Amino acid sequence: MKITILCVGKIKEKFYRDALDEYSKRLSRYCKLQVIEVADEKTPDQASQAEEEQIRQREAARLLAQIRPSDYVIALTIDGRAYDSVALSGHLQQLTVTGKSSLVFVIGGSLGLHSSVILSAQEQLSFSKLTFPHQLMRVILLEQIYRCFRIQNHEPYHK
């Protein structure tokens, strides 16, 4: 299985990079992991809603350019479907059983995802109604994907 984390912006903080490196290393025994970062747009202070929408549109164009027709796209959104870890593991396993061998998880930038990205996704996933920094969301996502593989393989970790 190939899993791609498609996201806006680069991780600058070392503690996030260290966590991402650790989970990437752990995941290497279960899947082929790829992280694609597209450039983020600078958001001016006091940006209007129209300016924020334009920023989301420009970031969306970069994200959508990275998605192939064969990819199964899961957009991370606050309003997406929420799972517990066991159910998410089962869902990801079911996707692979039904031939979805290239999963792409999309994480927006600081302003979130543009509607064009959300509408192009096959599904939306939510980890919480809370808002998380997009850098932290990458760590949470990788940890949960790792947890899913451990559950699928009946390996200790997930309790």
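In this text, all values refer to a predicted model and were calculated from it rather than measured experimentally. Atoms considered below: every heavy atom in the structure, side chains included; atoms not considered: hydrogens, waters and symmetry mates.
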Worksheet item: Is it true that Arg138 and Glu37 make a salt bridge, defined as a side-chain N closer than 4.0 Å to a carboxylate O?
Response: yes

Worksheet entry | Taking every non-hydrogen atom, the tightest pair across Glu123 and Leu95 | OE2-CD1, 4.2 Å

Practice prompt. Keeping the roles fixed (side chain from Thr98, backbone from Gln94), state whether a donor-acceptor pair exists under 3.5 Å.
Written response: yes

Worksheet item: Partners of Lys14 by salt bridge (Lys or Arg N to Asp or Glu O under 4.0 Å), sequence neighbours excluded?
Response: Asp18

Worksheet item: Where does the angle between the aromatic ring planes of Tyr23 and Tyr146 fall among parallel (under 30°), tilted (30 to 60°) and perpendicular (over 60°)?
Response: tilted

Practice prompt. Could you tell me whether the side chain of Arg81 and the main chain of Gln124 form a donor-acceptor pair under 3.5 Å?
Written response: no

Worksheet item: Where is the tightest heavy-atom contact between Gly109 and His134, given as atom of each residue plus distance?
Response: C-ND1, 3.7 Å

Discussion item. Tell me the closest heavy-atom pair linking Glu59 and Ala39, and the distance in Å.
Written reply: CG-O, 4.2 Å

Fill in: Non-hydrogen atoms of Ile55 and Pro44 that approach each other most closely
CD1-CD, 4.0 Å

Worksheet item: Pick from Val35, Ile3, Leu142: which one makes a side-chain contact (heavy atoms from CB on, under 4.5 Å) with Phe105?
Response: Ile3

Worksheet entry | Side-chain heavy atoms of Lys2 within contact of Ser101, under 4.5 Å | no

Worksheet item: Between Ser116 and Leu64, is a side chain to side chain contact (heavy atoms under 4.5 Å, CB included) present by the stated rule, with each step listed?
Response: CA-CA 9 Å; Ser116 63; Leu64 292 169; 3.8 Å; yes

